[in-house]
Amino acid sequence: MENCFDGKKLAEEIKSSLREKIIALQRDYGRVPCLNVLLVGDDYGSQRYAASCEKNAAAVGLTCRVVRMSGESTEEEVLEQVRALNEDKEVDGILIQMPLPKHISQAKVVATLCPAKDVDGVTDANVAQLWKHKRNDYSRYCVPCTSRSAMRILESAGIELDGKNAVVVGRSNIVGLPVTKLLMNANATVTIAHSHTRDMQAILRRADIIVAAIGQPKFITEDMISDGAVVIDVGINNDPETGKMCGDVDFEHVAPKCKIITPVPGGVGPLTICSLMENTIDCFRRCAL
Ligand code: NDP
């Protein structure tokens, strides 16, 4: 399908440019950037993501270490590990895999993380930077990887954002809100919809661009969108009918109406690790300068 955005292809292109950037950094600074993934417990999705980080980092020549801690670790042990990574001069970026085991406060762990190494833009300092700046300049501070990926897709697909109506469905700190701000910085007029939104159909039908970050399988249906809409589907769900992975958008029926649509899998997902590696390189550069 011509309007189906190929996230895997773009990810391969980004990785080949990252390979060259990393060779240049090794030449100029005598070492390559190092990402550290902190994995506490045995959450299946987190383990798979960490393994994927290792594989992709190896493919571009970036160092990636995964620190694995038992799910029985105490909160203080996890905080101590974060402090040690903050201090480690060889570590440029730290990704703390969520969810953490329930007895560990996510807020405390995030508050302990050094903002300069916060590759997923979750610390208060990075959130404040994002909301303060009126331009999208990723070299200055880290934004959450998925929101950077969504913007990359729009840019790569040549979608004009200035003056367009965008609707973001979902208002989480990790996807909905940061992508809203990045779209606003690009001069789109953005509506944020959520679980209390009334008449979702009327709101979505006015949208030139829709970003779905809901976590509900096939929530957005054909009748909700207008012809020629651009649809970025961030959702990762299990299709209750087939048991396969699916997005928040009913792809089969929505796609024929779209100018561009991202599939799940194969759309936003492959780019998230690319954004993570780009954020790690940006942290490295900011420290090196
Ligand atoms: P959250 O659960 O934190 O947020 C979901 C948002 O969707 C909330 O704002 C919620 O509204 C809204 N919502 C839920 N149900 C409805 C509904 N029926 N109608 C309207 N709005 C609704 O999820 P995340 O933001 O963390 O993730 C969203 C999706 O994106 C998930 O499927 C997740 O797996 C996926 N994801 C994908 C990533 C990738 O790289 N591809 C990375 C991160 C997440 P309210 O605020 O009112 O509760």
Side-chain angles (χ1 to χ4, degrees), residues 5-8 10-11 14 35 37 43-53 56 95-100 106-107 110 119-122 127 130 142-154 156 166-183 190-205 207 210-221 223-225 231-240 243-251 254 261-280:
F5 188 88
D6 190 343
K8 286 188 195 158
L10 178 58
I14 294 172
L35 168 68
V37 181
D43 177 75
Y44 177 69
S46 294
Q47 291 192 45
R48 282 196 53 182
Y49 190 68
S52 188
C53 290
N56 281 282
L95 176 72
I96 298 166
Q97 266 306 124
M98 306 293 179
L100 291 167
Q106 187 171 310
V110 168
V119 278
D120 211 11
V122 292
V127 173
L130 170 62
C142 281
V143 301
C145 299
T146 307
S147 55
R148 184 168 177 171
S149 305
M151 297 304 287
R152 184 61 174 266
I153 290 172
L154 292 167
S156 166
V167 176
V168 177
V169 192
R171 54 177 167 178
S172 72
N173 289 327
I174 199 71
V175 194
L177 293 184
V179 89
T180 294
K181 182 59 166 64
L182 295 174
L183 286 164
V190 191
T191 303
I192 308 175
H194 46 76
S195 67
H196 297 254
T197 298
R198 293 190 193 143
D199 205 354
M200 186 72 78
Q201 185 185 39
I203 288 171
L204 287 176
R205 284 187 73 93
I210 296 169
V211 179
I214 313 164
Q216 303 275 347
K218 301 184 178 177
F219 178 89
I220 296 180
T221 48
D223 53 314
M224 290 178 166
I225 70 155
V231 177
I232 308 291
D233 189 352
V234 176
I236 302 176
N237 312 293
N238 271 327
D239 184 337
K244 291 187 180 161
M245 188 194 282
C246 74
D248 291 339
V249 177
D250 179 5
F251 183 87
V254 169
I261 182 166
T262 60
V264 178
V268 177
L271 293 164
T272 301
I273 288 183
C274 290
S275 297
L276 177 65
M277 295 192 289
E278 288 178 315
N279 279 354
T280 305

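Remember, it's 1-based here, ligands and their atoms both numbered in the order they're listed. None of these values were measured; they are calculated from a predicted model. Start at 1 with the first residue, then count along the sequence.
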In ligand 1, which numbered atoms sit nearer than 4.0 Å to a non-hydrogen atom of N237?
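By the 4.0 Å cutoff, the relevant atoms are 32 (O).
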
Could you identify the single nearest non-hydrogen protein atom to atom 32 (O) of ligand 1 and state the distance to 0.1 Å?
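Checking every protein heavy atom, the shortest distance to atom 32 (O) of ligand 1 gives I236 N, 3.0 Å.
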
Which residue and non-hydrogen atom of the protein lie closest to atom 18 (N) of ligand 1, and at what distance in Å?
F219 CE1, 3.3 Å

I want to check something: taking the side chain as every heavy atom from C-beta on, are K218 and D248 in contact at a cut-off of under 4.5 Å?
no

If you take the nearest heavy atom of each of D233, N238, T146, I192, which one is closest to atom 39 (C) of ligand 1?
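It is T146 whose heavy atom sits nearest to atom 39 (C) of ligand 1.
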
With D120, the side-chain contact (heavy atoms from CB on, under 4.5 Å) member among P178, S275, P144, S147
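Running side-chain contact (heavy atoms from CB on, under 4.5 Å) over P178, S275, P144, S147 with D120 returns exactly one hit, P144.
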
Tell me whether ligand 1 is touched by T197 - counting only heavy atoms on the residue side and a distance under 4.0 Å.
no

Knowing that exactly one of D223, D233, I225 qualifies, which makes a side-chain contact (heavy atoms from CB on, under 4.5 Å) with V254?
I225

Heavy-atom check, side chain of I210 versus side chain of L204, under 4.5 Å
yes

Any A213 heavy atom less than 4.0 Å from ligand 1:
yes

Given side chains that start at C-beta, do those of S156 and L10 come closer than 4.5 Å, heavy atoms only?
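They are in side-chain contact.
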
Looking at G7, S195, A150, the heavy atom closest to atom 45 (P) of ligand 1 belongs to S195

Heavy atom of the protein closest to atom 24 (P) of ligand 1 (residue, atom name, distance):
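Closest protein heavy atom to atom 24 (P) of ligand 1: S172 OG, 3.7 Å.
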
Below 3.5 angstrom, do we get any N/O pair linking R171 and ligand 1?
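Yes, at least one N or O pair falls under 3.5 Å.
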
Proximity to ligand 1 by part of V234, non-hydrogen separation under 4.0 Å:
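For V234, the contact with ligand 1 is made by both the backbone and the side chain.
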
Starting from atom 26 (O) of ligand 1, which protein heavy atom do you reach first, and at what distance in Å?
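It is I174 CG2, 3.6 Å.
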
Contact check, side chains of F251 and I261, non-hydrogen atoms, under 4.5 Å
yes

Distance to 0.1 Å, residue and atom name: give those for the protein heavy atom nearest to atom 31 (C) of ligand 1.
G215 CA, 3.7 Å

Tell me which one of V179, V249, L154 satisfies side-chain contact (heavy atoms from CB on, under 4.5 Å) with I232.
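Exactly one candidate clears the test, L154.
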
Tell me: protein heavy atom nearest atom 40 (O) of ligand 1, and distance?
T272 OG1, 2.8 Å

Matching residue for C246 among N237, N238, I236 - test: side-chain contact (heavy atoms from CB on, under 4.5 Å):
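Filter result, single survivor: N237.
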
With the side chain counted from C-beta on, respond yes when T262 and V234 share a heavy-atom pair under 4.5 Å apart, and no when they do not.
no

List the closest protein heavy-atom neighbour of atom 14 (C) of ligand 1: residue, atom name, distance to the nearest 0.1 Å.
I214 CG2, 3.6 Å

Are C53 and L276 side-chain neighbours, meaning at least one heavy-atom pair lies under 4.5 Å?
yes

Which of the numbered atoms in ligand 1 are under 4.0 angstrom from any heavy atom belonging to G170?
6 (C), 7 (O), 9 (O)

Residue and atom name of the nearest protein heavy atom (relative to atom 27 (O) of ligand 1), distance in Å to one decimal
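Ranking protein heavy atoms by distance from atom 27 (O) of ligand 1, first comes V175 CG2, 4.4 Å.
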
